[in-house]
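Okay, so here's the structure we're looking at.
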Amino acid sequence: MVYKTYYDSPIGKLFIASDGESIIGLCIEGQKYYLDKIEKESILKNDLAIFEKTKKWLDSYFKQEKPKISELSLAPEGNTFRQYIWEFLCEIPYGETITYGELAQKVAKKLNKPSMSAQAVGNAVGHNPISIIIPCHRVVGKNGSLTGYAGGIDKKIKLLEIENVNMEKFSIPKIKK
């Protein structure tokens with residue numbers, strides 16, 4: 001059984017999904033790869049303990065109190081490679097960023113491989129089913145381009161601002177026509 005609840009945040013309405021014990025999804029309303037199938041097939045249950053804990057975590061996050069990801073039970077669904085990338089995302093400190101290329105190098109080193117495709121890493125980052133908590137918004141393009149956020153660049157900017165990241169070093173990618 002999958003349960004759902006909603007959370008009104010400073011960046012918009014969030015949809016949160018749980019298997020009853022852990023968070024399996026969190027996305028911003030309308031984001032790319034929105035978990036609409038899960039939302040439609042799940043049961044509204046606002047008083048689930050994991051939801052109450054997650055909402056308190058989000059309250060703390062949006063108040064800039066730097067809550068620890070380890071405070072929550074997370075169970076994102078994805079293949080082994082994606083799981084691995086999502087674990088790396090959880091290691092990016094609050095208020096810091098990393099490029100897709102740097103993340104690919106870290107993953108390659110950990111897997112004892114000579115290199116890793118930044119695009120493959122970017123694909124896994126982009127399909128993170130637990131936005132904000134698993135901080136995919138902390139990954140940026142080379143040369144500081146604020147690219148690749150399923151919730152929208154405006155939301156990525158707001159999340160980084162909440163974390164007091166110096167935004168002067170970043171640029172917004174030009175939209176291709």
Side-chain angles (χ1 to χ4, degrees), residues 1-69 71-79 82-83 85-87 89-90 92 94-95 97 100 121-141 145-165 167 170-176:
M1 185 64 57
V2 176
Y3 303 98
K4 66 182 172 186
T5 192
Y6 299 92
Y7 178 86
D8 290 319
S9 81
I11 62 166
K13 189 175 186 177
L14 305 180
F15 164 68
I16 308 169
S18 172
D19 59 9
E21 299 294 323
S22 301
I23 296 300
I24 60 170
L26 186 154
C27 59
I28 305 161
E29 187 173 56
Q31 82 175 45
K32 189 175 181 181
Y33 313 120
Y34 188 78
L35 305 170
D36 54 353
K37 184 177 180 189
I38 292 175
E39 183 179 24
K40 288 174 187 161
E41 296 175 0
S42 55
I43 297 170
L44 185 65
K45 188 159 177 67
N46 294 318
D47 62 348
L48 205 60
I50 188 64
F51 286 156
E52 291 173 7
K53 194 170 190 176
T54 301
K55 289 177 180 181
K56 286 179 183 174
W57 190 97
L58 289 166
D59 288 343
S60 178
Y61 174 84
F62 287 114
K63 289 178 187 173
Q64 301 176 308
E65 296 172 346
K66 303 178 186 179
K68 292 181 177 22
I69 297 168
E71 294 173 11
L72 297 173
S73 176
L74 306 178
E77 293 182 19
N79 65 34
R82 287 183 177 179
Q83 293 282 343
I85 299 301
W86 300 333
E87 287 176 25
L89 293 177
C90 292
I92 304 169
Y94 181 99
T97 60
Y100 291 95
V121 169
N123 185 277
V125 171
H127 285 84
N128 166 23
I130 306 178
S131 296
I132 304 169
I133 298 170
I134 297 178
C136 51
H137 60 277
R138 295 178 187 155
V139 184
V140 298
S145 177
L146 292 175
T147 185
Y149 191 62
I153 300 299
D154 60 326
K155 306 292 193 293
K156 183 173 193 159
I157 291 168
K158 182 68 176 164
L159 291 168
L160 293 173
E161 288 174 343
I162 286 168
E163 295 184 20
N164 291 315
V165 171
M167 300 303 290
F170 298 114
S171 63
I172 297 172
K174 292 184 176 31
I175 299 172
K176 296 176 186 173

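Positions are given from 1, in the same order as the sequence printed here. What you see is a predicted model, and the numbers here were worked out from it, not measured in a lab.
- With hydrogens and angles ignored, the 3.5 Å screen pairs a side-chain donor or acceptor of T54 with a backbone N or O of I50.
- The nearest pair of heavy atoms linking T147 to I153 is CA-CD1, 4.0 Å.
- Proximity of F51 to Y6: side-chain heavy atoms (C-beta onward) are nowhere separated by under 4.5 Å.
- Using a 4.5 Å cut-off on side-chain heavy atoms (C-beta onward), L160 and T97 make contact.
- In this structure, F62 and L159 approach most closely via the heavy-atom pair CE2-CD2, 4.1 Å.
- Evaluation of the side-chain hydrogen bond (donor to acceptor under 3.5 Å, both in side chains) rule for T5 yields N46, K55 as partners, not counting sequence neighbours.
- In this structure, N123 and H127 approach most closely via the heavy-atom pair O-ND1, 2.9 Å.
- The shortest distance between side-chain heavy atoms of F170 and V165 falls below 4.5 Å.
- Residues that satisfy the side-chain contact (heavy atoms from CB on, under 4.5 Å) test with K53, not counting sequence neighbours, are L72.
- W86 places no side-chain N or O within donor-acceptor distance of the main-chain N or O of P135, the cut-off being under 3.5 Å.
- A side chain to side chain contact (heavy atoms under 4.5 Å, CB included) with N128 is found for one member of L26, I134, I85 and no other, namely I134.
- D8 pairs by the salt bridge (charged side-chain N to carboxylate O under 4.0 Å, His left out) definition with nothing, not counting sequence neighbours.
- With hydrogens and angles ignored, the 3.5 Å screen pairs no side-chain donor or acceptor of Y94 with any backbone N or O of K68.
- Results of the side chain to side chain contact (heavy atoms under 4.5 Å, CB included) test with Y3 over I24, L44, I43, D47 single out I43 as the only residue that passes.
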Only distances under 3.5 Å count here; give the side-chain donor-acceptor pairs of residues 14-23 to other protein atoms, sequence neighbours excluded, each with its distance to 0.1 Å.
unit_1 : atom_1 : unit_2 : atom_2 : d
S18    : OG     : G20    : N      : 2.8
S18    : OG     : S22    : O      : 2.7
D19    : OD1    : E21    : N      : 2.9
D19    : OD1    : S22    : N      : 2.7
S22    : OG     : S73    : OG     : 2.5

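- Taking each heavy atom of P76 and Q83 in turn, the nearest pair found is O-NE2, 2.5 Å.
- Within the structure, every pair that satisfies the salt bridge (charged side-chain N to carboxylate O under 4.0 Å, His left out) test and touches residues 145-165, not counting sequence neighbours, is listed here: R138-E163.
- Applying the side-chain contact (heavy atoms from CB on, under 4.5 Å) rule to K63 yields the partners E65; only residues at least two apart in sequence or on another chain are considered.
- A donor-acceptor distance shorter than 3.5 angstrom exists from the side chain of Q64 to the backbone of I162, with no hydrogens or angles considered.
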